[in-house]
Amino acid sequence: MSFNNTFLRAARGEVTDYTPVWFMRQAGRSLPGYRELRKKYDVLTLTQTPDLAAQVSLEPINLLKVDAAILFADIMLLPIAMGIDVKIVESVGPVIDSPINTKADLAKLRPFEPPKVDFLAQTIKLLRNDLQVPLIGFAAAPFTLASYLIEGQPTRKWLKTKRFMFEQPEAWEALMTTLTDATIEYLKVQVAAGAQAIQIFDSWVGCLAAEDYRQAVLPHTQRIFKALGELDIPRLHFGTDTAAMLTDFANVEAEVIGLDWRIDFAAARTLLPHKVLQGNLDPVAVVAGPKVFQPRVDQMFAGMTEHRNHIFNLGHGVMPETNDQHLRELVEYVHGK
Ligand code: CP3
């Protein structure tokens with residue numbers, strides 16, 4: 001089999017023979033091989049063991065026939081490399097016993113050094129030997145990373161994060177600057193090892209008012225994308241709940257903008273006529289199955305020109321409740337469009 005570069009070509013805005021598909025959180029979650037491995041190893045151990053992590057990244061390529069692989073890692077590997085003690089708690093997510101609350105707490109974040117994530121470089125090299133589709137590396141955007149560091153656990157209110165940002169602007173700026181510097185180096189390690197595209201996940205940024213986003217967050221994210229420019233790889237920017245700030249969110253040097261399901265694809269296209277758009281099927285539609293997802297996919301493709309400028313994905317990660325067969329059928333359905 002020869003190398004399938006459809007994803008990379010679409011990400012650069014070229015016309016492709018068909019619309020490429022991959023899924024956020026396609027590695028892990030519901031797949032049988034991953035579930036088997038999880039009986040023996042916790043998530044962090046899997047991400048830190050190159051041959052196992054590579055195995056998890058490969059599983060959806062063979063099983064689902066998606067057009068890109070994503071590195072099996074987690075956004076919290078960067079703060080771990082910076083000396084923060086992170087636990088991944090089952091059914092909860094990342095937990096930090098001593099979160100960042102003050103400017104003095106910033107001293108807990110040590111400078112990032114590439115050897116600390118040598119395991120990721122090794123995983124990437126193993127994957128590049130085996131893969132016939134492009135490999136996507138990733139990191140969190142500084143806002144989403146800061147939210148875990150400040151809250152100490154997943155939240156849906158972001159009370160501490162926003163208070164920190166509003167009440168301690170100087171400390172916030174320092175934290176964002178530190179995270180931005182580290183993220184740039186962390187992504188450079190991934191690309192040097194062989195990652196062929198980079199996605200920045202700002203999963204929780206949609207909780208902010210647009211003006212706060214512009215003032216306190218966007219300049220840092222912009223700096224990351226600008227720094228990646230010299231690496232000559234497609235850059236993807238994803239967030240959820242970004243409909244009300246989409247033109248600001250897209251105001252970065254990224255080739256591809258990822259959308260969640262809350263915004264109509266056509267509305268996003270009107271706002272961002274020159275960007276490649278990635279998304280944006282509601283993940284629950286895949287849990288429900290073909291009868292539910294097919295008309296929604298049809299709707300998304302309605303009115304698209306030959307130059308679709310589109311990478312198909314869900315509006316957020318694959319839900320653990322998803323049937324693999326539904327994912328397989330969805331890939332086939334989109335490829336047939
Ligand atoms: O979903 C997103 O918004 C993407 C960004 C993101 C990742 N990790 C990337 C990731 C976020 C916000 C996290 C934090 C995190 N880490 C959570 C979410 C907690 C919350 O606030 O809701 C959780 C549960 C973890 C721990 C974790 N990371 C697990 C249990 C796994 C294994 C697979 C799974 O999702 O159950 C991971 C792997 C992981 N995190 C990947 C990515 C892109 C691996 C690649 C992939 O699955 O595609």
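For clarity, every value in this text was computed on a predicted model and none was experimentally measured. In each ligand, atom 1 is the first atom listed, and ligand 1 is the first ligand listed.
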In a simple table, one pair per line, please give the protein and ligand 1 atom names for every N or O pair closer than 3.5 Å, along with the distance.
{"residue": "ligand 1", "atom": "1 (O)", "partner": "Arg25", "partner atom": "NH1", "Å": "2.6"}
{"residue": "ligand 1", "atom": "1 (O)", "partner": "His316", "partner atom": "NE2", "Å": "3.3"}
{"residue": "ligand 1", "atom": "3 (O)", "partner": "Ser203", "partner atom": "OG", "Å": "2.4"}
{"residue": "ligand 1", "atom": "3 (O)", "partner": "His316", "partner atom": "NE2", "Å": "2.6"}
{"residue": "ligand 1", "atom": "8 (N)", "partner": "Asp74", "partner atom": "OD1", "Å": "2.9"}
{"residue": "ligand 1", "atom": "16 (N)", "partner": "Asp74", "partner atom": "OD1", "Å": "2.8"}
{"residue": "ligand 1", "atom": "16 (N)", "partner": "Asp74", "partner atom": "OD2", "Å": "3.4"}
{"residue": "ligand 1", "atom": "21 (O)", "partner": "Tyr148", "partner atom": "OH", "Å": "2.4"}
{"residue": "ligand 1", "atom": "22 (O)", "partner": "Arg156", "partner atom": "NH2", "Å": "3.1"}
{"residue": "ligand 1", "atom": "28 (N)", "partner": "Asp74", "partner atom": "OD1", "Å": "2.6"}
{"residue": "ligand 1", "atom": "35 (O)", "partner": "Arg25", "partner atom": "NE", "Å": "3.2"}
{"residue": "ligand 1", "atom": "35 (O)", "partner": "Arg25", "partner atom": "NH2", "Å": "2.8"}
{"residue": "ligand 1", "atom": "35 (O)", "partner": "Arg29", "partner atom": "NE", "Å": "2.6"}
{"residue": "ligand 1", "atom": "35 (O)", "partner": "Arg29", "partner atom": "NH2", "Å": "3.2"}
{"residue": "ligand 1", "atom": "36 (O)", "partner": "Arg29", "partner atom": "NE", "Å": "3.2"}
{"residue": "ligand 1", "atom": "40 (N)", "partner": "Arg25", "partner atom": "NH2", "Å": "3.4"}
{"residue": "ligand 1", "atom": "40 (N)", "partner": "Asp74", "partner atom": "OD1", "Å": "2.9"}
{"residue": "ligand 1", "atom": "47 (O)", "partner": "Ala27", "partner atom": "O", "Å": "2.3"}
{"residue": "ligand 1", "atom": "48 (O)", "partner": "Arg25", "partner atom": "N", "Å": "3.1"}
{"residue": "ligand 1", "atom": "48 (O)", "partner": "Gln26", "partner atom": "N", "Å": "3.1"}
{"residue": "ligand 1", "atom": "48 (O)", "partner": "Ala27", "partner atom": "N", "Å": "3.3"}

How about Ser98 and Asp85: does a side-chain donor come under 3.5 Å of a side-chain acceptor?
no
For the student: nearest non-hydrogen atoms of Leu327 and Val286, plus distance:
CD2-CG1, 3.8 Å
Lys116: which residues meet the side-chain contact (heavy atoms from CB on, under 4.5 Å) condition with it, sequence neighbours left out?
Ala81, Glu113
Yes or no on side-chain hydrogen bond (donor to acceptor under 3.5 Å, both in side chains) for Asp118 and Gln122, after CA distance, side-chain angles and deciding distance?
CA-CA 6 Å; Asp118 197 44; Gln122 286 183 43; 3.2 Å; yes
Is the centre of the His220 ring less than 6.0 Å from the centre of the Phe143 ring?
no
More than 12 non-hydrogen atoms from neighbouring residues, nucleotides or ligands closer than 6.0 Å to CD on Gln294, yes or no?
yes
